[in-house]
Amino acid sequence: MLDIQLLRNDLSAVGARLASRGFDLDTAEFARLEAERKTLQTHTQALQAKRNASSKQIGIAKSKGEDTDALMAEIADLGAELTAAEGALTVLQASLNVLLMGIPNLPHASVPAGRSEEDNVEISRVGTPRLFDFPVKDHVDVGEKLGLDFETASKIAGARFSLLRGGLARLHRALAQFMLDTHTAAHDYTEVYVPYLVNAESMRGTGQLPKFEEDLFHVPRAEMERLYLIPTAEVPLTNMVRDQIVAREQLPLRFVAHTPCFRAEAGAYGRDTRGMIRQHQFDKVELVQLVEPKDSYAVLEQLTGHAEAILQALELPYRKMLLCTRDMGFSAAKTYDLEVWLPAQQTYREISSCSNFEAFQTRRMQARFRAENGKPELLHSVNGSGLAVGRTLVAILENHQQADGAVAIPEALRPYMGGVAALKPVTGA
RNA sequence: GGAGAGAUGGCCGAGUGGUCGAAGGUACUCCCCUGCUAAGGGAGCGUAGGGUUUAUAGCCUUACCGAGGGUUCGAAUCCCUCUCUCUCCGCCA
């Protein structure tokens with residue numbers, strides 16, 4: 001959510017910055033609602049002040065045993081007028097709020113203007129794609145021989161689910177463990193175990209609601225508020241500080257969690273249908289930092305580096321992309337995507353997305369810290385995948401495949417694999 | 001699933017219809033006193049808005065005592081619904 005003061009004070013500039021990311025803010029409508037709000041709110045509050053003063057007088061009179069009929073008569077008609085004014089104000093503020101909640105974040109000045117992902121800017125390229133002296137297979141063909149089974153998954157659940165057996169299941173687990181250990185030991189994050197189902201308030205806090213409900217799975221409960229399956233651990237991790245004022249000495253807060261993520265992929269029919277690139281359920285290790293505003297852009301660089309460290313340790317070639325204005329997510333002010341090399345597709349595919357949200361999320365959830373002057377101030381939130389586990393598995397299968405169908409295990413991962421140096425094809429797997 | 005208790009400011013805790021945004025304590029900030037490891041005195045000290053304003057200063061004002069509704073001229077206080085916490089019983093990974 002943007003600061004409404006910014007819209008009031010500098011509406012046309014905000015409109016222009018939003019236009020750069022393809023959002024058309026109806027500035028006339030906002031100005032109209034805002035003008036109406038001002039009139040109505042002033043009026044309502046004047047009526048409330050009058051009622052409060054009169055009621056106080058009645059109280060004083062009664063305590064002295066004086067007659068209060070005259071005072072009562074004075075405000076006899078006030079009630080209806082006040083109810084009407086309050087009702088109208090509530091309705092108006094609700095529509096202003098709907099408008100406000102639907103406005104995406106403003107892009108940071110360093111974000112390149114662009115129309116699509118074509119206009120994203122490559123910042124760096126790390127590692128060299130391997131040259132293969134045999135025909136390269138994609139992860140589905142490599143995985144098939146090692147325990148990757150979509151047929152059984154679709155029988156059990158449906159399309160866009162996967163099932164891993166044996167060494168491959170262990171590799172998946174090893175990746176998550178390795179990432180968690182690296183981020184806690186080397187990067188100083190606190191490991192957190194979180195709920196996978198969250199309430200609507202949490203989804204509003206990080207920006208999934210109200211606008212993107214169709215992307216989420218939910219669980220209805222009789223007589224109770226529905227719960228939503230988390231699409232990323234960003235939701236529970238960031239909401240830890242919702243409605244809190246954190247002491248400045250505790251900053252920065254650094255959290256890491258390994259969770260499954262659930263996405264309806266409602267808008268993705270027909271896209272990435274082969275393999276485990278785009279699934280309804282996938283695991284991810286998520287990094288979240290809550291920091292002072294002055295630090296958030298430095299932290300974005302740092303946190304992106306934490307994700308990169310995993311790719312480097314796993315010997316996976318990747319590039320770092322700065323997303324252009326129109327390719328960024330709704331809540332982000334600036335985003336780097338890390339894209340891993342997939343040799344079968346001869347292309348780089350997203351494996352991590354690291355963003356600075358500034359106060360966009362924390363304003364919604366009233367997550368604050370006490371500044372040096374003693375005043376509460378909104379935190380900035382920064383998060384990123386470190387990394388998506390499923391896609392990392394895909395990248396390892398493709399990049400480290402051998403001519404005989406085996407897959408080499410990167411050195412860093414071997415302690416988590418019981419010392420195994422390679423996964424070998426299993427007949428009947 | 002059954003029975004009961006509760007939710008008040010950073011924390012503890014008083015307050016069952018009226019000058020209560022809320023006693024008292026504690027923490028914190030400033031000042032004074034004292035002087036040696038701790039104490040005494042005084043003052044200040046919630047949050048989010050709105051209006052005015054060059055102003056995140058001041059002044060005026062509204063809302064907030066778990067959330068939402070209701071009764072009333074007036075609600076922390078009375079009524080209803082919900083959420084959460086605790087205790088006991090049952091069940092259970």
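Lettering follows sequence order; numbering is per chain, from 1. Since this is a predicted model, take the numbers as computed values, not measurements.
Between the CG atom of A:Leu40 and the P atom of B:rA63 there is a distance of 15 Å, rounded to whole Å. Nucleotide B:rG66 holds its P atom 18 Å from the CD atom of A:Glu201, rounded to whole Å. Distance, A:Phe369 CZ to B:rG10 P: 17 Å, rounded to whole Å. The separation between A:Gln45 atom CD and B:rC60 atom P is 15 Å, rounded to whole Å. Between the CG atom of A:Asp243 and the C1' atom of B:rC65 there is a distance of 16 Å, given to the nearest Å. Distance CD1 (A:Ile4) to P (B:rA48): 16 Å, rounded to an integer number of Å. Counting to the nearest Å, the P atom of B:rU53 and the NZ atom of A:Lys38 are 8 Å from each other. For the pair A:Leu100 CG and B:rG49 C1', the interatomic distance rounds to 14 Å; values are reported in whole Å.
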Could you go step by step and tell me if A:Lys334 and A:Ser110 meet the side-chain hydrogen bond (donor to acceptor under 3.5 Å, both in side chains) rule?
CA-CA 8 Å; A:Lys334 181 174 184 175; A:Ser110 62; 2.9 Å; yes

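For the C1' atoms, the distance linking B:rC32 with B:rC12 amounts to 29 Å, nearest Å. For the C1' atoms, the distance linking B:rU71 with B:rG17 amounts to 11 Å, nearest Å. A distance of about 14 Å separates the C1' atoms of B:rA75 and B:rG21, rounded to the whole Å. A gap of 26 Å separates the P atoms of B:rA63 and B:rG15, to the nearest Å. Spacing of C1' atoms, B:rA27 relative to B:rC86, comes out at 26 Å, to the nearest Å. Comparing B:rG9 with B:rA48, their C1' atoms sit 14 Å apart, to the nearest whole Å. Taking atom P on both B:rC28 and B:rA39, the two are 11 Å apart, rounded to the nearest angstrom. Taking atom P on both nucleotides, B:rA76 is separated from B:rU8 by 16 Å, rounded to a whole Å.
Listed nucleotides B:rG51, B:rC73, B:rA48 differ in distance to A:Gln366; the shortest reach to its side chain belongs to B:rA48. Among B:rU47, B:rU62, B:rA63, the nucleotide with an atom closest to any side-chain atom of A:Ala49 is B:rU62. Among B:rG18, B:rG51, B:rA63, the nucleotide with an atom closest to any side-chain atom of A:Ser55 is B:rG18. When distances are taken from the side chain of A:Lys56 to each of B:rA48, B:rG51, B:rG21, the shortest belongs to B:rG21.
Both distances falling under 3.5 Å, in either a Watson-Crick or a G-U wobble arrangement, place B:rC73 opposite B:rG18. Using N1 to N3 plus N6-O4 or O6-N4 for Watson-Crick, or N1-O2 and O6-N3 for G-U wobble, each under 3.5 Å, B:rG1 pairs with B:rC89. Using Watson-Crick or G-U wobble geometry with both donor-acceptor distances under 3.5 Å, B:rC84 finds its partner in B:rG6. Judged by Watson-Crick or G-U wobble contacts below 3.5 Å, the nucleotide B:rC45 has no partner. Pairing of B:rG58, defined by two Watson-Crick or G-U wobble distances under 3.5 Å, is identified with B:rU52. Shown here, B:rC65 forms no base pair; nothing in the strands shown gives a Watson-Crick or G-U wobble contact with both key distances under 3.5 Å.
Along RNA chain B, the nucleotide closest to A:Gln5 and the one closest to A:Ile75 are compared, and the more 5′ of them pairs with A:Gln5. Looking at which nucleotide of RNA chain B each of A:Gln41 and A:Arg51 is closest to, the 5′-most match is held by A:Gln41.
Within the 4.0 Å cut-off from OP1 or OP2 of B:rU47, at least one side-chain nitrogen or oxygen of A:Arg370 is found. In terms of phosphate contacts, A:Arg37 brings a side-chain nitrogen or oxygen within less than 4.0 Å of OP1 or OP2 of B:rG51. Side-chain N/O atoms of A:Asn52 include one lying less than 4.0 angstrom from OP1 or OP2 on B:rA63.
Aromatic ring pairs are classed by plane angle as parallel below 30°, tilted from 30° to 60° and perpendicular above 60°; the pair A:His187 and A:His183 is tilted.
No engagement by A:Arg363 is indicated, since no non-hydrogen atom pair under 4.0 Å with the nucleic acid exists. Residue contacts shown for A:Lys62 include a base, since a base heavy atom lies under 4.0 Å away. Among the heavy atoms of the strands lying under 4.0 Å from A:Ser63 is at least one base atom, whether or not backbone atoms are also near.
A donor-acceptor contact closer than 3.5 angstrom links the side chains of A:Gln361 and A:Ser381. Checking A:Ser54 against A:Glu74 by side-chain atom types alone, no donor-acceptor pair falls below 3.5 Å. A side-chain donor-acceptor contact under 3.5 Å links A:Asn199 and A:Ser202. A side-chain donor-acceptor contact under 3.5 Å links A:Ser353 and A:Asp337.
In this structure, the ring of A:Phe262 has its center no less than 6.0 angstrom from the ring center of A:Tyr196.
Judged purely by atom type and a 3.5 angstrom limit, A:Arg414 has no side-chain atom pairing as donor or acceptor with the backbone of A:Ala422.
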